[in-house]
Amino acid sequence: MGNEIKITPAFIRAVYDVVAAIPSGRVATYGQVAERAGIPGAAQEVGQIMSRVKAEQNLPCHRVVNKAGTLSPDHVFGGQERQRALLEKEGIRFTGDGHINMVRYQLSEYEQITLPWS
DNA sequence: CGCCTGACAGACT
DNA sequence: TAGTCTGCCAGGC
C-alpha cells in the first residue's frame, strides 16, 4: 500500500492552498508542504509544481525552502538576493552564512495553519 | 525502453 | 551544522 505520487490537478490545488496559507514571517519545507497537501514524500514533486507557478497566481513561493534553510537556485526569483529580500521584508533574519535559521522560522509540524478567512 | 537531472530529504558520519 | 550517500519519482531525451 502506498501513496502514489501523482501530480494530479487535485494535488496541485492542495499544494497551492497549503502554500497560500503559510503565514508571513514563517517558512515551510517542501516536505512539509507535500505532507500537508496529502502526499508525504512528494517533496520533489512540490518543487516541480513550484517551478511552474506563475507570478499572476500570487503565491508566496518564496516561503517554501529546503530543509537546510538554503534558498532556491539563482535561476528562480530572479536570483537568491531577491528571494532573500522578500523574506527579510517579512521579518526573517538570515545567518552569516546566508541561510535561514530554520529552528526559529520553520512552521512547526503541530502548528495548525490559520487560514486568512478563518 | 534506459539514462540523466532536479526549487528534495533521511540516515550516518 | 555540514558533507556524503542513498532513496525517491516525474520528466525530458
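Considering only the side chain of A:Gln44, C:dC8 comes nearest among C:dC8, C:dA10, B:dG10. Nearest to the side-chain atoms of A:Gln48 among the listed nucleotides B:dA9, C:dG11, C:dA2 stands C:dG11. Listed nucleotides: C:dG11, B:dC8, C:dA2. Nearest to the side chain of A:Asn66: B:dC8. Of the candidate nucleotides B:dA7, C:dA2, C:dC9, C:dA2 has the atom lying nearest to any side-chain atom of A:His99. For A:His75, counting side-chain heavy atoms from C-beta on, the closest listed nucleotide (C:dG11, B:dA7, B:dC8) is B:dA7. Minimum atom distance to the side chain of A:Ala43 is reached by B:dC8, of the listed C:dG11, B:dC8, B:dG10.
Between A:Thr29 and B:dA9 there is a side-chain polar atom (N or O) within less than 4.0 angstrom of OP1 or OP2.
Taking atom CD1 of residue A:Ile39 and atom P of nucleotide B:dA9, one finds them 16 Å apart after rounding to whole Å. Whole-Å rounding puts the A:Arg63 CZ to B:dA7 C1' distance at 17 Å. Rounded to whole Å, atom C1' of C:dC9 lies 12 Å from atom CD1 of A:Ile49. As rounded to whole Å, 11 Å separates atom P of C:dT1 from atom CD of A:Gln106. To the nearest angstrom, P of B:dT5 lies 18 Å from CD of A:Glu45. Atom pair A:Ile7:CD1 and C:dG12:C1' shows a separation of 14 Å (rounding to whole Å applied). The distance between atom OH of A:Tyr16 and atom C1' of B:dA7, rounded to the nearest whole Å, is 14 Å. What separates NZ of A:Lys67 from P of C:dT4 is a distance of 19 Å, to the nearest Å.
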Check your understanding: Given the rule in the side-chain contact (heavy atoms from CB on, under 4.5 Å) test, do A:Leu87 and A:His62 qualify, once you have shown the distances and angles that lead to the verdict?
Key -> CA-CA 7 Å; A:Leu87 292 170; A:His62 58 284; 3.6 Å; yes
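Put simply, the residue from A:Glu88, A:Gln80, A:Glu81 that forms a side-chain hydrogen bond (donor to acceptor under 3.5 Å, both in side chains) with A:Arg84 is A:Glu88.
Taking SG of A:Cys61 as the start and CZ of A:Arg52 as the end, the distance is 14.0 Å to the nearest 0.5 Å. Here the straight-line distance linking atom OG1 of A:Thr70 with atom CG of A:Asp97 works out to 11.5 Å at 0.5 Å rounding.
Where A:Ala68 and A:Arg52 meet DNA chain C, the nucleotide closest to each residue was compared, and A:Ala68 sits on the side nearer the 5' end.
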